[in-house]
Amino acid sequence: MDSKITLAFDSKVIAKAKAFAKQNQISLSRLTEYIYSQLTSGEFKGLEDLPIADWIDQVAEGEAEYIRTTDKNSSKKKEFFESRK
């Protein structure tokens, strides 16, 4: 069963990804699904190990920046409720 999600990317990255998908006769949704299936396959220890890492660098127009946060959801939840008081 398919589910929908909303993602936000740089418009240049989206344009290049759409062109790549069209050139390879696949929808952008299925291309994204493929990338996520690769990420979650359990074969890779980090992003650098992915076989698509070089392609990501090319599409991203420069080196991709991976932002990792250490905040737990509970601290964000607390911050949200504090802001509502």
Side-chain angles (χ1 to χ4, degrees):
M1 181 169 108
D2 286 353
S3 297
K4 291 191 174 209
I5 63 171
T6 301
L7 302 170
F9 297 102
D10 181 273
S11 60
K12 292 177 184 177
V13 172
I14 293 172
K16 288 182 178 186
K18 283 182 178 180
F20 179 87
K22 184 176 181 178
Q23 182 180 17
N24 287 277
Q25 300 176 352
I26 188 172
S27 70
L28 187 56
S29 292
R30 293 298 170 222
L31 176 61
T32 304
E33 180 181 24
Y34 170 76
I35 292 169
Y36 283 130
S37 70
Q38 292 296 305
L39 287 170
T40 59
S41 69
E43 296 178 33
F44 311 103
K45 293 181 181 180
L47 295 172
E48 297 79 20
D49 296 336
L50 292 171
I52 60 171
D54 292 338
W55 175 79
I56 290 172
D57 285 341
Q58 291 172 4
V59 172
E61 190 175 276
E63 195 162 326
E65 179 182 339
Y66 303 108
I67 301 171
R68 297 181 180 154
T69 61
T70 56
D71 291 343
K72 297 199 182 254
N73 286 337
S74 60
S75 66
K76 291 178 185 176
K77 186 176 176 181
K78 181 180 177 183
E79 181 181 319
F80 172 78
F81 285 118
E82 289 292 323
S83 72
R84 299 292 179 191
K85 289 184 178 180

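What you see is a predicted model; the values in this text were computed from it and never measured.
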Seminar exercise, completed: Value for CZ (Phe9) from CG (Leu28), rounded to nearest 0.5 Å, stands at 8.0 Å
Exercise. How far does OH of Tyr36 sit from CG of Leu31, to the nearest 0.5 angstrom?
Worked result: 11.0 Å
Problem set entry | Any donor-acceptor N/O pair, Asn24 side chain to Ile26 backbone, under 3.5 Å | no
For this session: Could you name each residue pair satisfying salt bridge (Lys or Arg N to Asp or Glu O under 4.0 Å) that touches residues 25-34, not counting sequence neighbours?
Result: Asp2-Arg30, Arg30-Glu33
Seminar exercise, completed: So salt bridge (Lys or Arg N to Asp or Glu O under 4.0 Å) across residues 18-29, not counting sequence neighbours, yields none
